[in-house]
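Quick note on labels: first sequence line is chain A, next is B, and so on, each numbered from 1.
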Protein chains: 2
Amino acid sequence: MFSQAEENYLKALVQLIHFRDQGNEVGTNELALYLNVKPATANDMLKKLREKSLVSYVKYGKISLTTEGQKAGMDVVRKHRLWETFLVEKLDFTWDEVHEVAEQLEHIKSKKLVNSLDDFLQNPKFDPHGDAIPDREGRILIPYQRLLSEVSIGKSGKVVSVKDNSNSFLQYADKIGVRIGGMIEVAGRESYDGQTTLRVENKDHTVSDKFCMNIHVVCPTCKLGKDCSKNDCSF
Amino acid sequence: MFSQAEENYLKALVQLIHFRDQGNEVGTNELALYLNVKPATANDMLKKLREKSLVSYVKYGKISLTTEGQKAGMDVVRKHRLWETFLVEKLDFTWDEVHEVAEQLEHIKSKKLVNSLDDFLQNPKFDPHGDAIPDREGRILIPYQRLLSEVSIGKSGKVVSVKDNSNSFLQYADKIGVRIGGMIEVAGRESYDGQTTLRVENKDHTVSDKFCMNIHVVCPTCKLGKDCSKNDCSF
DNA sequence: TAATAAAGTTAGGTAGACCTAACAAAAAAT
DNA sequence: ATTTTTTGTTAGGTCTACCTAACTTTATTA
Ligand SMILES: [Mn+2]
Ligand SMILES: [Mn+2]
Ligand SMILES: [Mn+2]
Ligand SMILES: [Mn+2]
């Protein structure tokens, strides 16, 4: 199997390369910064992981994970997020206390343990921070996103991404408090032209339909939308 | 805190020095053998632990734990046994599958985690192998032992130790299948002279009262005897 | 385009936890 | 009381995962 250090690098690479919407090019320095080590150390490890066919990169080039490397990294993410869920659901930890401990627990080596834990927790799809938990094959559930313009009146959504990246759009969004990770409630919508009243950070703003068509949101609690059986599902 | 290796040595020392009825003198070779390392390695570590005031020993002398070292070792034992209990009680592991995983889990560093786990499991007093779980102060519950001669007819006990160590006694005990860790049921007892019928490994043997007065047994399920509230308690 | 800055690499070094081989002390057997 | 065996110690070496300092390549800016 892999050492604790190797696992941390593989997980970091999955996170930097695959779990970010933009700028998924990753270099030695960025990886080192992310893991709180020096670039020289990260460089050593990259060479080692290349030997083991877990990453693929050439000197001075950008880093990518092989299929095998990605699978291994996903597995660490899976374990991390399952343990976080365990700590919150079963041991009454709060969401901000779990990370440090999960950072250790994610390295326990036992297939049976992980899968039993998964079942014990009733195969959760998202961890306490709302991040998707990869299944045993490393597959991840993409949260059910919808455009803010399609959210019904009275419902709320959590912003996950924006389509428009122009300065005017971003500055406007920022001005009314709309940011990635933030909550928006659709307080009202005019049927005549789609003028929409959004409640953001306890303040109401009337915006155009065009604006709403550029914002992706998910259900803040389950992230699953349509197929979700939870009774507090927003979608 | 302590490194994983240090913790393994401390736990081993607690086990060799304090959790054995006889022969609690421990040397470098025995420690090394127990931990599957070479004597030279154990010697290195002992010097390191002495520096840290966790063990106390002189060159060529026997090893003992300081108060601090014993506390630290007990804590590892506590974690090991709590995790074993978790695996069996909550994740449906069998008693023979838990050791290897607990060997890893015992090194997770988080006071809150251990204590929450303890509560989640409802503060168990014994692990799946029947070994006592130290409490947060490192105190251990001594199982409630009684002499086989005091066990009521129909009840069963698990052998934990013998008083007589003569060859004739041990050979006799061996012949009828009585060994440490084994089960004995008191099938009958003659009120005239205490002649007792024992059921061992599905065979009946009639033995003297004198024989029964040399065998210590505990309740095989709870080990607590009198004060135990479990309805399958044998005592 | 040349100068400067940023990013990435290499060489050489440390600490922890292990090893082998040679040696010394203590215990057991003759 | 020697010899032999067992037990314990030391010296010196490996491997992993870090580090610093010097250097090279690539990217940015003047
Ligand atoms: Mn980690
Ligand atoms: Mn998380
Ligand atoms: Mn261990
Ligand atoms: Mn046990």
Side-chain angles (χ1 to χ4, degrees), chain A residues 1-13 16-17 20 22-65 69 72-73 76 103-104 106-109, chain B residues 1-13 16-17 20 22-65 69 72-73 76 103-104 106-109:
Chain A
M1 272 302 145
F2 308 111
S3 74
Q4 205 150 313
E6 285 168 345
E7 287 191 343
N8 282 335
Y9 281 90
L10 291 169
K11 187 184 66 159
L13 287 171
L16 293 171
I17 297 172
R20 284 198 310 191
Q22 70 269 70
N24 45 357
E25 294 262 278
V26 181
T28 313
N29 281 8
E30 194 185 1
L31 179 59
L33 189 74
Y34 188 84
L35 287 168
N36 286 305
V37 296
K38 300 297 162 192
T41 305
N43 190 283
D44 283 352
M45 183 57 93
L46 285 169
K47 283 193 275 190
K48 191 173 155 202
L49 293 175
R50 181 174 50 193
E51 281 315 294
K52 295 191 172 191
S53 305
L54 294 166
V55 308
S56 141
Y57 90 115
V58 289
K59 223 165 132 172
Y60 296 108
K62 291 301 170 187
I63 307 158
S64 67
L65 284 160
V76 184
E103 203 57 48
Q104 302 174 57
E106 71 192 2
H107 302 293
I108 304 293
K109 274 152 196 67
Chain B
M1 274 301 147
F2 308 112
S3 74
Q4 204 149 314
E6 286 167 343
E7 287 191 343
N8 282 335
Y9 281 89
L10 292 169
K11 186 183 65 158
L13 287 171
L16 292 171
I17 297 172
R20 282 197 313 190
Q22 70 270 72
N24 45 358
E25 293 263 277
V26 181
T28 312
N29 281 7
E30 196 187 0
L31 179 60
L33 190 74
Y34 188 84
L35 288 168
N36 286 304
V37 296
K38 300 298 162 193
T41 305
N43 191 286
D44 283 353
M45 183 58 92
L46 284 170
K47 284 192 275 189
K48 193 174 153 201
L49 293 175
R50 181 175 50 194
E51 282 314 296
K52 294 191 171 190
S53 305
L54 295 165
V55 309
S56 142
Y57 92 114
V58 290
K59 221 165 135 175
Y60 296 107
K62 292 301 170 187
I63 307 158
S64 67
L65 285 160
V76 183
E103 204 57 48
Q104 302 173 57
E106 71 192 3
H107 302 292
I108 303 295
K109 272 151 198 69

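B:E30 places its CD atom 16 Å from the P atom of D:dT6, with the value rounded to the nearest Å. C:dT10 atom C1' lies 9 Å from atom CG of A:D44, rounded to whole Å. Atom pair A:Y57:OH and D:dT25:P shows a separation of 15 Å (rounding to whole Å applied). Distance, B:Y34 OH to D:dG8 C1': 21 Å, rounded to whole Å. Look at CG on B:L46: it is 14 Å from C1' on C:dC18, rounded to the nearest Å. Between the OH atom of A:Y60 and the P atom of D:dA27 there is a distance of 12 Å, rounded to whole Å. As rounded to whole Å, 17 Å separates atom P of C:dA5 from atom CG of A:N29. Remark: P of D:dC18 and CD of A:E6 are 11 Å apart, rounded to the nearest angstrom.
Contact check, B:K59 against D:dT10: a side-chain N or O comes under 4.0 Å of OP1 or OP2. Contact annotation: A:N43 side-chain N/O to C:dG8 OP1/OP2 distance is not under 4.0 Å. For D:dG8, neither phosphate oxygen OP1 nor OP2 lies less than 4.0 angstrom from any side-chain nitrogen or oxygen of B:K38. The phosphate of D:dC18 has OP1 or OP2 within less than 4.0 Å of a side-chain N or O from A:Y9.
Between A:L31 and A:L46 there is a side-chain heavy-atom pair separated by less than 4.5 Å. In this structure, A:E6 and A:K11 have side chains that are not in contact, with every pair of non-hydrogen atoms separated by 4.5 Å or more.
Looking at which nucleotide of DNA chain D each of B:T28 and A:M45 is closest to, the 5′-most match is held by B:T28.
No engagement by A:A42 is indicated, since no non-hydrogen atom pair under 4.0 Å with the nucleic acid exists. Residue B:T41 is in base contact, counting any heavy-atom pair closer than 4.0 Å across all strands shown.
The closest side-chain donor-acceptor pair between B:H107 and B:E7 falls under 3.5 angstrom.
Atom OG of A:S53 and atom CG of A:L65 lie 12.5 Å apart (nearest 0.5 Å).
Between B:R20 and B:E30 a salt bridge is recorded (basic side-chain N to carboxylate O distance below 4.0 Å).
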